[in-house]
**Student:** 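Sharing a structure below in structure tokens format, with a few things to ask.
The sequence lines fix the lettering, A, B, ..., with proteins before strands; numbering per chain opens at 1. Below, all heavy atoms of this structure are taken into account, side chains as well, without hydrogens, waters or symmetry copies.
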Amino acid sequence: MNIVQQTEEKLKEEIAQSVLKAELATEDQLPSIVLEQPKEKAHGDYATNIAMQLAKIAKKAPRQIAEDIIAQFDRSKASIKDIEIAGPGFINFFMDNQYLTNLIPTILEEGENYGSSQVGNGEKIQVEFVSANPTGDLHLGHARGASVGDALCNVLAKAGYDVQREYYINDAGNQIANLATSVQARYMQALGKDWPMPEDGYHGQDIINLGKQLAEEHQDSLEDKPEEERLAFFRQYGLKYELEKLEKDLADFRVTFDHWFSETSLYEDGKIQPALDTLKDKGYIYDEDGATWFRSTDFGDDKDRVLIKNDGTYTYLTPDIAYHKNKLDRGFETLINIWGADHHGYIPRMKAAIQALGYESDTLEVEIIQMVNLFQNGERVKMSKRTGKAVTLRELMEEVGIDAMRYFFVMRSSDSHLDFDMDLAKSESNENPVYYVQYAHARICTMLKQAEEKGFTDEGYNGALLTSEKEEDLLKKLGEFTQVVEEAAVKRMPHRITQYIFDLASNLHSFYNAEKVLDADDEERTKARIALMRAVKTTIANGMQLIGVSAPEKM
RNA sequence: GUCCUAGUAGCUCAGCUGGAUAGAGCAACAGCCUUCUAAGCUGUAGGUCGCAGGUUCGAAUCCUGCCUGGGACGCCA
């Protein structure tokens with residue numbers, strides 16, 4: 001807990017004590033104390049609505065209750081400068097913000113660990129994300145999922161969760177058979193044969209390239225092999241090629257996984273039948289119309305689901321249940337799946353499965369990533385998965401850069417649609433929020449570099465000299481970081497981080513324009529400000545690290 | 001038709017556990033570079049929070065209904 005959190009706790013505790021001393025409520029009746037930061041500075045640094053909440057219990061007017069509380073309040077307990085009653089009964093606290101300067105040594109000491117906490121309490125949590133089929137290039141939606149997933153994992157880890165990042169490879173089933181026939185068609189075409197693409201084939205450029213590559217390596221030697229053997233080869237070759245490409249694309253996008261889990265391994269390791277048996281033993285399975293069904297309606301799904309089709313093969317759901325059982329068997333307390341919007345209808349049946357396996361519904365959390373619409377030259381870029389005409393992650397990385405993508409994709413809450421404006425993301429102008437934040441960091445680096453050149457240091461600085469309004473604003477913002485990370489983790493909202501670093505950058509720019517840091521005429525103030533700048537630099541960099549955006553030294 | 005999700009400034013979006021006069025950015029308008037990076041800063045203007053009810057001291061936030069956009073509703077994955 002940093003100094004800000006400690007102070008807030010003390011303040012809450014003192015409020016609670018005052019209520020009890022004033023005999024406005026008993027300990028049992030006491031609601032949890034809500035401390036908020038008013039938007040208006042005139043309303044103080046903190047405010048509480050406790051008097052309004054107690055109106056019913058104490059049977060008094062809120063303003064009178066507030067008076068009673070203040071009469072009992074020991075303001076020496078929590079750096080209070082002034083207290084006032086306002087509006088319908090708010091109690092506003094004005095702090096002696098000098099205590100905030102204690103943040104600076106804390107931040108400088110903790111360095112890249114500043115912002116860490118233990119709210120996660122070591123909870124074992126697994127985040128499965130991207131998990132795109134190995135049948136084509138990653139596109140925009142995957143890029144958003146990758147950005148959000150990676151940022152969420154970073155945030156969770158910083159908040160004290162024990163996080164594992166996993167990618168589920170759909171390397172069994174129809175889509176891989178289609179991959180094999182698609183590769184075959186492209187190979188034959190590369191040899192100059194008139195070979196049609198299969199009905200459900202993958203039309204991406206990557207498969208075309210793969211076909212050419214195979215034609216060069218093997219000439220026409222594959223052509224003569226028996227079809228079964230040939231397809232097995234294309235399947236295995238295509239899978240390897242696609243997986244390596246996926247991993248490379250993601251790594252270049254600064255997203256890596258702890259574990260790549262193969263669907264096929266579920267079959268090879270015999271994990272499917274035990275999962276089915278578990279459901280069967282618990283009585284959630286029945287046969288009808290020649291198929292085997294899961295009674296998911298027992299858990300609120302709107303219809304039961306087929307597990308084994310009447311042709312004897314599994315539906316997609318069946319290995320997925322086995323997969324989730326496997327995750328739970330590995331000891332994860334919480335599973336987070338990050339899915340594209342088109343899968344959201346799938347949530348009830350998966351949650352039903354989790355419950356049927358004997359776990360709480362909340363054990364599985366599904367974060368839905370809404371669609372991304374790409375805009376270029378003011379127009380929406382149409383995309384079609386069928387024809388393979390889609391902008392790929394790779395292309396976008398090359399065209400707009402990783403930093404802008406990572407920032408843009410995490411910038412919005414993931415349950416709302418995102419309009420990705422390529423021109424904006426590419427523009428090196430004040431319209432682009434990524435540069436705004438990076439510029440703040442670079443500015444500080446420049447100042448620190450010049451400080452060094454001019455012989456200024458922050459050695460023996462006196463934090464008490466940081467008293468201007470802009471300095472206080474910066475200090476207050478710095479103190480919020482840990483809580484922002486905690487909240488982003490607990491609420492699974494990594495976009496809070498982008499908001500925070502944008503605000504912090506804004507405070508920095510504002511300070512920069514109002515005050516001069518390196519001032520030969522005031523060495524003591526310069527020292528204090530250098531220390532402050534170092535603390536801001538550290539905090540901005542830590543925030544950017546969480547969302548996978550680089551913090552440049554100069555721009 | 002059923003379910004999910006969204007609807008907030010001209011545009012793109014925030015808005016915490018229900019709190020005070022609903023906030024940013026962009027665009028618009030008016031200013032600020034002999035001084036550490038103007039990729040910046042300061043100010044002005046801009047709103048029936050989709051609509052209608054309800055819950056209460058108090059609603060953008062919670063509940064119900066309706067309207068609109070997107071998505072999902074398969075023995076596909």
**Student:** Please measure how far the P atom in B/rG18 lies from the corresponding atom in B/rA59, and state the result in whole Å.
**Tutor:** 14 Å
**Student:** Rounding to the closest angstrom, what is the interatomic distance between B/rG1 and B/rG19 at atom C1'?
**Tutor:** 41 Å
**Student:** Considering every strand shown, what is the Watson-Crick or G-U wobble mate of B/rU55 when both distances are under 3.5 Å?
**Tutor:** none
**Student:** Record whether the side chain of A/D342 comes under 3.5 Å of the base of B/rG71 through a donor-acceptor pair of N or O atoms.
**Tutor:** no
**Student:** Nearest to the A/S413 side chain among B/rC76, B/rA20, B/rA14, which nucleotide is it?
**Tutor:** B/rA14
**Student:** For B/rC13, does OP1 or OP2 lie under 4.0 Å from any side-chain N or O of A/S416?
**Tutor:** no
**Student:** Closest approach to the side chain of A/F502, judged atom by atom: which nucleotide of B/rC75, B/rA24, B/rU12 is it?
**Tutor:** B/rA24
**Student:** I need the CG-P distance between A/L424 and B/rA27, as an integer number of Å.
**Tutor:** 10 Å
**Student:** Does the pair A/E480 and A/K477 meet the rule for a salt bridge (Lys or Arg N to Asp or Glu O under 4.0 Å), with working shown?
**Tutor:** CA-CA 5 Å; A/E480 290 171 19; A/K477 193 50 91 177; 3.3 Å; yes
**Student:** Remember a base hit wins even if backbone is also touched, and classify A/A451 as base, sugar-phosphate or nothing at under 4.0 Å, heavy atoms.
**Tutor:** nothing
**Student:** Touch check for A/A514, heavy atoms < 4.0 angstrom, all strands: base, sugar-phosphate only, or nothing?
**Tutor:** nothing
**Student:** Distance check, P atoms only: B/rU44 and B/rG25, in whole angstrom units.
**Tutor:** 13 Å
**Student:** Which part of the nucleic acid, if any, lies within contact of A/A341, taking any heavy atom under 4.0 Å across all strands shown: a base, the sugar-phosphate backbone alone, or nothing?
**Tutor:** sugar-phosphate
**Student:** How close do A/I308 and A/V306 get, heavy atom to heavy atom, and via which atoms?
**Tutor:** O-CG1, 3.6 Å
**Student:** Counting Watson-Crick and G-U wobble pairs only, both distances under 3.5 Å, name the nucleotide matched with B/rA6, or none.
**Tutor:** B/rU68
**Student:** If I pick the C1' atom on B/rC3 and the same atom on B/rU8, what distance separates them, to the nearest angstrom?
**Tutor:** 25 Å
**Student:** I need the single residue from A/T539, A/I444, A/D503 that forms a side-chain contact (heavy atoms from CB on, under 4.5 Å) with A/L508. Which is it?
**Tutor:** A/I444
**Student:** Have a look at A/E480 and say if it touches a base, only the backbone sugar-phosphate, or nothing, with a 4.0 Å heavy-atom cut-off.
**Tutor:** nothing
**Student:** Could you work out the separation of B/rG23 and B/rC49 based on their C1' atoms and round it to a whole Å?
**Tutor:** 12 Å
**Student:** Picking from B/rG40, B/rU42, B/rU17, which would you name as closest to the side chain of A/N513?
**Tutor:** B/rG40
**Student:** Could you give the OH-to-P distance, from A/Y500 to B/rA14, as a whole number of Å?
**Tutor:** 20 Å
**Student:** Of the nucleotides B/rU17, B/rA14, B/rC75, which has the atom closest to the A/V34 side chain?
**Tutor:** B/rU17
**Student:** Which of these nucleotides, B/rC75, B/rG19, B/rC41, is closest to any side-chain atom of A/W293?
**Tutor:** B/rC75
**Student:** Can you identify which nucleotide, out of B/rG40, B/rC36, B/rC75, has its nearest atom closest to the A/H509 side chain?
**Tutor:** B/rG40
**Student:** Below 3.5 Å, does any donor atom in the side chain of A/N92 face an acceptor in the base of B/rA20, or the other way round?
**Tutor:** yes
**Student:** Which nucleotide wins on minimum distance to the side chain of A/M493, given the candidates B/rA77, B/rC36, B/rG15?
**Tutor:** B/rG15
**Student:** Return the minimal non-hydrogen interatomic distance between A/A489 and A/V155, and the atom names on each side.
**Tutor:** N-CG1, 3.4 Å
**Student:** State whether the distance check finds a donor on one side and an acceptor on the other, under 3.5 Å, for side chain A/H344 versus base B/rC4.
**Tutor:** yes
**Student:** Can you identify which nucleotide, out of B/rA14, B/rU17, B/rA77, has its nearest atom closest to the A/R349 side chain?
**Tutor:** B/rA77
**Student:** With a 4.5 Å limit on heavy-atom distance, are the side chains of A/I104 and A/L475 in contact?
**Tutor:** yes
**Student:** Give the intermediate values and the outcome of salt bridge (Lys or Arg N to Asp or Glu O under 4.0 Å) for residues A/E128 and A/K327.
**Tutor:** CA-CA 10 Å; A/E128 182 216 318; A/K327 291 186 187 185; 2.8 Å; yes
**Student:** Quick check for you: among B/rA24, B/rA77, B/rC16, whose closest atom lies nearest to any side-chain atom of A/K491?
**Tutor:** B/rC16
**Student:** So what does A/T315 hit on the nucleic acid, given a heavy-atom distance under 4.0 Å: a base, only sugar-phosphate, or nothing?
**Tutor:** sugar-phosphate
**Student:** I want to confirm an ordering. Mapping A/H43 and A/Q450 to their closest nucleotides on RNA chain B, which one lands closer to the 5' end?
**Tutor:** A/H43
**Student:** Quick one: closest heavy-atom pair of A/E459 and A/K527, and the distance?
**Tutor:** O-NZ, 3.0 Å
**Student:** Between B/rG47 and B/rU21, how far is it from one C1' atom to the other, in whole Å?
**Tutor:** 13 Å
**Student:** With heavy atoms under 4.0 Å as the rule, sort A/R496 into base, sugar-phosphate or nothing.
**Tutor:** sugar-phosphate
**Student:** Provide the distance between the two C1' atoms, one in B/rG15 and one in B/rA60, to the nearest whole Å.
**Tutor:** 8 Å
**Student:** If you check every side-chain atom of A/Q370, which of B/rU5, B/rC41, B/rC13 has the closest atom?
**Tutor:** B/rU5
**Student:** What integer number of Å spans the C1' atoms of B/rA20 and B/rU61?
**Tutor:** 16 Å
**Student:** Let me spell it out: for each of A/D304 and A/M371, pick the nucleotide of RNA chain B with the closest heavy atom. Which residue's pick is nearer the 5' end?
**Tutor:** A/M371
